[in-house]
Amino acid sequence: LDEEELQEDEDLRPRPPVVTVMGHVDHGKTRLLDTIRRTNVIAREAGGITQRIGAYQVTVDLEGEPRKITFLDTPGHEAFTAMRARGAELTDVAILVVAADDGVMPQTVEAINHAQAAHVPIVVAVNKIDKPGANPDKVRGQLTEYGLVPEEYGGNTMFVDISAKQGTNVDKLLEAVLLTADAELDLRANPDMDARGATVEARLDKGRGAVATVLVQSGTLHIGDAIVAGTSYGRVRAMLDENGTAMKEATPSTPVQVLGLTSVPTAGDLFLVASDDRTARQIAEKRQATERAAQLAKRRKVVSLESLKEQFAKSEVDMLNIVIKGDSSGSVEALEDSLMKIEVSDEVGIQVIHRGVGAITQNDVNLATVDKAVIIGFNVRPNRQVADLAEREGVEIKYYSIIYKAIEDIEASLKGMLKPEFEEVVTSHSEIREIFRSSKFGNIAGVMVQDGEVKRGTKCRILRNGIATVNDLEISSLRRFKDDVTSVKEGYEAGINLGSFNDIEIGDIIETFEMQEVERK
Ligand code: GDP
């Protein structure tokens with residue numbers, strides 16, 4: 001049954017809007033998310049520390065009514081597009097952060113384009129108004145060119161001047177999000193059905209196994225539900241909110257950490273509740289098979305059967321080993337999560353061999369030496385001695401203070417590790433017209449070269465009635481009359497010997513091919 005059909009109008013209940021924060025790097029997205037997270041009333045009352053689990057909810061008072069807003073805790077349009085690419089349409093409203101001292105920048109425009117392409121309404125947060133060079137009016141003027149016309153200029157986009165740093169007007173921004181959602185969207189879902197939604201982030205926890213933060217989009221998720229997320233499945237063993245509080249159920253727009261999946265899904269993977277464990281497993285296994293087939297098909301396009309077999313035999317993946325040290329467990333975790341999500345190719349991957357909070361130590365350098373790892377220092381440094389040791393050992397230490405930059409850099413390094421990719425190019429076809437049996441050499445095919453040029457030593461296959469029967473042959477000798485030659489062109493006759501391979505028939509076609517390097521995108 002289609003999801004729409006299940007949603008009878010009277011069953012629909014209002015649900016909170018889900019918000020993504022976008023904007024140019026350094027304009028204050030992370031700072032804003034932190035400030036909003038700290039307004040979380042429940043966490044404050046419980047004296048709890050809100051953890052980064054990929055999404056969180058806050059309660060806002062709008063005209064005397066308590067209203068919730070759900071924030072996706074990965075800023076930027078990269079995460080937004082990556083999720084959409086996997087089918088997850090989570091965001092209802094986008095907050096576009098523009099620094100008032102800097103104005104509209106390239107990623108501001110990208111963010112607008114992405115939000116508009118997804119038909120997601122935008123609320124503009126003009127940030128850093130506490131700074132001396134702040135010019136919020138200029139930002140308003142600039143954004144008008146991109147179709148974001150402030151209400152005060154007669155348009156319908158809400159602009160709020162804020163300081164994420166000082167907390168100024170953040171309450172007004174949250175109100176603007178709710179007002180925009182109320183004015184432009186009909187956010188309702190049926191809570192009385194099996195839950196569906198999407199994975200926001202997931203990782204493997206040493207003690208707890210697969211830990212996935214999911215956002216329920218419709219229905220209600222309960223403890224004990226059998227679920228499938230992408231190609232992972234399991235039974236909901238426990239649910240926790242961002243304050244680490246255990247939950248029994250999660251209603252639409254609620255993010256929860258779910259324990260109990262048997263493997264780690266990917267951010268953006270859709271999840272759904274299945275009728276029972278067996279069904280959940282079957283769905284997951286079917287998806288796994290489909291995914292494998294798709295991957296195989298993808299590779300077939302660019303590589304020949306031979307190299308495909310070779311790749312499977314070796315199944316070699318080059319690993320970039322990384323040691324992460326950071327100033328807080330939150331930043332280390334966030335960085336590791338983001339790094340693990342980088343996907344450049346099937347042939348290269350990232351492995352975080354060690355992580356920790358605090359300065360870079362001798363132990364970190366030793367580990368990196370043994371495993372040939374790169375050390376990433378996120379807002380942390382080594383002392384003089386440790387830096388000297390790293391230099392002597394040839395261990396590279398990279399320093400970052402912005403996750404986004406680290407990711408860009410590592411992604412570039414991974415691309416640098418890629419081996420060239422090859423593509424098969426057919427170079428000739430020759431028809432077998434006679435077969436000479438030689439006791440010394442085995443069968444020799446008397447052929448007419450129909451197109452291209454046959455060269456000695458080239459790889460070839462036999463086509464019989466248009467079907468490739470044997471693929472891994474080689475032109476081991478090539479003759480014109482009695483002479484050994486290195487190549488024979490289209491329109492000429494030749495004698496071809498295929499080494500110890502003798503299973504040829506008159507009418508067979510010998511197709512030669514070469515592997516040529518293709519440029520990667
Ligand atoms: P992001 O790259 O968009 O996530 O930007 P960040 O949140 O990391 O902020 C970049 C820098 O701007 C940090 O040093 C922040 O402390 C600073 N910043 C963010 N918001 C404000 C603000 O409202 N006022 C001032 N003065 N600085 C801010």
Side-chain angles (χ1 to χ4, degrees), residues 19-40 50 52 54-56 58 71-83 91 93-115 122-140 142-143 159-174 176-177 200-201 326-339 341 376-381 399-411:
V19 177
T20 296
V21 176
M22 301 198 225
H24 194 73
V25 65
D26 280 347
H27 279 199
K29 301 181 291 291
T30 310
R31 190 69 188 251
L32 176 62
L33 279 164
D34 286 345
T35 304
I36 296 171
R37 194 188 303 107
R38 265 186 273 117
T39 67
N40 188 340
T50 308
R52 284 222 165 105
Y56 63 81
V58 291
F71 281 90
L72 294 177
D73 208 0
T74 316
H77 58 264
E78 296 83 2
F80 175 81
T81 5
M83 299 271 255
T91 306
V93 176
I95 292 181
L96 178 70
V97 178
V98 187
D101 56 341
D102 212 12
V104 171
M105 298 297 275
Q107 286 164 3
T108 315
V109 179
E110 276 177 36
I112 296 171
N113 291 339
H114 286 289
I122 295 172
V123 172
V124 180
V126 183
N127 191 30
K128 307 198 186 184
I129 52 157
D130 58 290
K131 285 188 124 182
N135 188 347
D137 286 337
K138 187 171 163 206
V139 175
R140 280 173 174 70
Q142 286 178 325
L143 284 176
F159 279 63
V160 184
D161 294 343
I162 66 161
S163 164
K165 189 174 173 186
Q166 299 181 343
T168 320
N169 288 346
V170 170
D171 51 346
K172 291 210 174 69
L173 177 65
L174 298 179
V177 166
V200 175
E201 69 171 46
D327 54 344
S328 72
S329 59
S331 61
V332 171
E333 212 172 278
L335 184 58
E336 179 170 359
D337 279 354
S338 319
L339 288 176
K341 273 174 224 138
I376 294 186
F378 192 78
N379 286 329
V380 293
R381 302 278 180 273
Y399 306 103
Y400 301 98
S401 54
I402 296 165
I403 289 188
Y404 174 82
K405 295 235 166 81
I407 293 164
E408 258 186 4
D409 233 28
I410 299 296
E411 204 170 293

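Here the structure is a predicted model, which means the values were calculated and not measured. We count ligands from 1, going down the list as the structure has it; atoms in each ligand are counted the same way. All residue numbers refer to positions in the sequence shown, counting from 1.
Among all protein heavy atoms, the one lying closest to atom 18 (N) of ligand 1 is Lys128 CE, 3.7 Å. Shortest contact from atom 20 (N) of ligand 1 to any protein heavy atom: Asn127 ND2, 3.1 Å. Atom 26 (N) of ligand 1 has as its closest protein heavy atom Asp130 OD2, 2.9 Å. Of all protein heavy atoms, the one closest to atom 27 (N) of ligand 1 is Lys165 CD, 3.7 Å.
For ligand 1, the polar-atom distance check finds an N/O of Gly28 within less than 3.5 Å of one of the ligand's N/O atoms. Taking any N or O of Gln166, backbone or side chain, none lies under 3.5 Å from an N or O belonging to ligand 1. At least one N/O-N/O distance between Thr30 and ligand 1 falls below 3.5 Å. At least one N or O atom of Ala164, backbone or side chain, sits closer than 3.5 Å to an N or O atom of ligand 1.
The shell of residues lying under 4.0 angstrom from ligand 1, judged by heavy atoms, includes His24.
The CG atom of Asp26 sits 3.5 Å away from the CD1 atom of Ile402 when rounded to the nearest 0.5 Å. Separating the NZ atom in Lys341 from the OG1 atom in Thr74 is a distance of 5.5 Å, to the nearest 0.5 Å. Atoms CG and CD1, from Leu174 and Ile95 in turn, are 6.5 Å apart once rounded to the nearest 0.5 Å. The line from CG of Leu96 to NZ of Lys29 is 9.5 Å long, rounded to the nearest 0.5 Å. To the nearest 0.5 Å, atom OG1 of residue Thr20 and atom CG of residue Leu72 are 4.0 Å apart.
The contact set between ligand 1 and Val25, taken as ligand atoms under 4.0 Å from a residue heavy atom, comprises 2 (O). Within the listing of ligand 1, atoms 3 (O), 5 (O) sit less than 4.0 angstrom from a heavy atom of His27. Residue Asp26 has at least one heavy-atom neighbour below 4.0 Å for each of these atoms of ligand 1: 1 (P), 2 (O), 3 (O), 5 (O), 10 (C), 12 (O).
Side-chain atoms of Pro75 and Leu33, non-hydrogen and from C-beta on, do get closer than 4.5 Å to each other. In this structure, the side chains of Leu143 and Ile112 come closer than 4.5 Å at one or more pairs of heavy atoms.
In the model, Asp102 has a side-chain atom that pairs as donor or acceptor with a side-chain atom of His27 under 3.5 Å.
Closest to atom 15 (C) of ligand 1 by heavy atom, among Lys405, Arg31, Met22, Lys29, is Arg31.
Under the 4.0 angstrom criterion, atom 13 (C) of ligand 1 counts as lacking any protein heavy-atom contact. Protein non-hydrogen atoms do reach within 4.0 Å of atom 3 (O) of ligand 1.
A salt bridge is defined here as a Lys NZ or Arg NE, NH1 or NH2 lying under 4.0 Å from an Asp or Glu carboxylate O, and Asp101 with Lys128 fails to meet this definition.
Within the cation-pi definition used here (under 6.0 Å to the ring centroid, within 45° of the axis), Arg37 does not qualify as a partner of Phe71.
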